[in-house]
Trainee: 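Could you have a look at this structure, given as structure tokens, before my questions?
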Amino acid sequence: MCSGRIDLEFVLRAFSNGMDGVFIGGCRLNECNYITHGNYHALNMVLLCRRIMEHIGLNPERLRIEFMSSAEGNLFAELMSEFGKKVKELGPLGLAEGIDRNELKLKLAEMTKLVPYIKLVKSEKLASRLMNPEEYDKLFTKNEVDRLISEVVSYYVDPEKCQACMTCAKRCPVEAVISAKNQIHVIDQEKCIKCGTCFEVCPPRFAAVTKIVGKPVPPPIPEEKRTIVRKSKEN
Ligand code: SF4
Ligand code: SF4
């Protein structure tokens, strides 16, 4: 019902499903029925998504947002036919940009996986209320988004330091920490949304969670080597 409900992930999914263009229609800015003003969120999300599209080599004009009231049927029809023509001109998604279909799917899947992280890091800007269209281009710059994606943060449990206190596993919001009593903990990188909670809550005397920026995460310690043998039990 509200354009503010349209998540960045929905747009990436539409492109991943082969849509050549995505059009989002929202209520006029400042005429939202709710105190949330979700149409500003939708606008900011579109501005961010366009930069992500540029990053992966897609033409950002394939994504468009317009604001109108429900009484403006003519305007809606006009905008839709204009956008339809534009998308036809742009040609088939990926092919027109010279990106192989499978490669594009992989790139979109990679970006979709980063959505929670991107939203977390850019939460402040995503909550902006831009009053002037001249500000749109400056909200997210190409360099900023390119850097955000190339310097993406990951978290890793150092098996030499983990004492299996289980704090990180209890606090992880998405159950991404593989945890068991007396077992070195491991972060499931597929599930991890990079919120950094484990890094913050790991007791400083252990400091077992490492923050990795823009580099690959070391492979997880093999299952058979995860048991911690306490010194007192050895004797
Ligand atoms: S960074 Fe967040 S999501 Fe990832 S393992 Fe740590 S607590 Fe869980
Ligand atoms: S909080 Fe630190 S020491 Fe405790 S289980 Fe997690 S990584 Fe290991």
Side-chain angles (χ1 to χ4, degrees), residues 3-26 41-66 83-128 136-156 173-174 176 187-196 211-220:
S3 56
R5 173 69 185 95
I6 301 167
D7 196 272
L8 182 52
E9 199 183 327
F10 300 172
V11 179
L12 294 175
R13 194 192 308 155
F15 287 125
S16 186
N17 286 339
M19 299 298 125
D20 293 328
V22 174
F23 180 95
I24 298 166
H41 287 267
L43 169 63
N44 300 336
M45 181 276 293
V46 163
L47 298 175
L48 175 59
C49 192
R50 282 199 184 134
R51 292 297 187 200
I52 294 173
M53 291 168 74
E54 279 182 282
H55 180 83
I56 61 177
L58 285 179
N59 191 324
E61 289 186 71
R62 293 183 183 278
L63 173 61
R64 183 159 172 186
I65 188 164
E66 293 289 348
F83 184 61
K85 269 189 212 143
K86 181 76 203 173
V87 172
K88 270 195 186 144
E89 253 173 56
L90 292 174
L93 181 82
L95 267 184
E97 284 97 344
I99 316 174
D100 171 79
R101 202 178 176 79
N102 290 334
E103 189 194 337
L104 179 60
K105 267 230 160 221
L106 283 176
K107 284 182 174 189
L108 287 164
E110 204 182 309
M111 290 306 121
T112 304
K113 237 180 94 186
L114 290 179
V115 165
Y117 171 71
I118 294 174
K119 278 164 60 181
L120 191 74
V121 178
K122 295 293 166 197
S123 57
E124 223 169 282
K125 283 195 178 183
L126 284 168
S128 316
Y136 292 180
D137 257 6
K138 294 181 216 138
L139 183 65
F140 300 102
T141 65
K142 185 168 182 317
N143 279 350
E144 173 188 6
V145 173
D146 286 350
R147 207 172 55 242
L148 173 73
I149 295 168
S150 60
E151 293 176 1
V152 74
V153 164
S154 300
Y155 295 91
Y156 169 74
V174 293
I187 294 175
D188 181 339
Q189 300 295 331
E190 289 300 310
K191 282 192 187 172
C192 175
I193 57 165
K194 306 173 189 298
C195 70
K211 188 176 185 176
I212 299 173
V213 182
K215 285 193 215 147
V217 180

Trainee: List the atom of Leu120, the atom of Cys195, and the distance in Å for their closest heavy-atom pair.
Mentor: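 Of all heavy-atom pairs spanning Leu120 and Cys195, the closest is CD2-CA, 3.6 Å.
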Trainee: Who pairs with Glu66 by side chain to side chain donor-acceptor pair (under 3.5 Å), at least two apart in sequence or on another chain?
Mentor: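 Partners of Glu66 under the side chain to side chain donor-acceptor pair (under 3.5 Å) test: Arg64.
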Trainee: Can any side-chain N or O of Ser150 pair as donor or acceptor with the backbone N or O of Asp146 at less than 3.5 Å?
Mentor: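 Yes, because the side chain of Ser150 sits within donor-acceptor range (under 3.5 Å) of the backbone of Asp146.
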Trainee: Under a 3.5 Å distance rule, please check whether Asp20 uses its side chain to pair with a backbone N or O of Pro92 as donor and acceptor.
Mentor: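 Judged by distance alone, no pair lies under 3.5 Å.
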Trainee: May I ask you to check whether over 12 heavy atoms, not counting those of Glu110, lie within 6.0 Å of atom CD?
Mentor: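 Not more than 12 within 6.0 Å, no.
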Trainee: Tell me the closest heavy-atom pair linking Ile6 and Met45, and the distance in Å.
Mentor: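 Minimum heavy-atom separation between Ile6 and Met45: O-CE, 3.3 Å.
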Trainee: Do Arg50 and Phe140 come within less than 4.5 Å of each other through their side chains, counting heavy atoms only?
Mentor: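 With C-beta onward as the side chain, the pair stays apart.
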Trainee: Taking the side chain as C-beta and beyond, is there a heavy-atom pair between Leu114 and Lys194 under 4.5 Å?
Mentor: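 Touching, per the 4.5 Å side-chain cut-off.
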Trainee: Are the side chain of Glu97 and the backbone N or O of Gly94 linked by a donor-acceptor pair below 3.5 Å?
Mentor: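 Yes.
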Trainee: In this structure, are over 12 heavy atoms from other groups packed under 6.0 Å from Lys142 atom NZ?
Mentor: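 Atom NZ in Lys142 is packed in, count exceeds 12.
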Trainee: Side-chain contact, heavy-atom cut-off 4.5 Å: Lys125 with Glu144?
Mentor: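 Sidechains of Glu144 and Lys125: in contact.
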Trainee: Could you check if a side-chain atom of Asn44 sits within less than 4.5 angstrom of a side-chain atom of Leu48, using non-hydrogen atoms only?
Mentor: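 Contact flag for Asn44/Leu48 side chains = no.
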Trainee: If the condition is ring pair (Phe, Tyr, Trp, His ring centres under 6.0 Å), which residues does Phe23 pass it with, not counting sequence neighbours?
Mentor: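 Applying ring pair (Phe, Tyr, Trp, His ring centres under 6.0 Å) to Phe23 gives Phe83.
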Trainee: Taking the side chain from Lys105 and the backbone from Ser16, do they hold a donor-acceptor pair closer than 3.5 Å?
Mentor: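 Yes, Lys105 side chain to Ser16 backbone: donor-acceptor pair under 3.5 Å.
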Trainee: So, for Gly25 and Ser3, which heavy atoms are closest and what is the spacing to 0.1 Å?
Mentor: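 That closest heavy-atom pairing would be O-CB, 4.1 Å.
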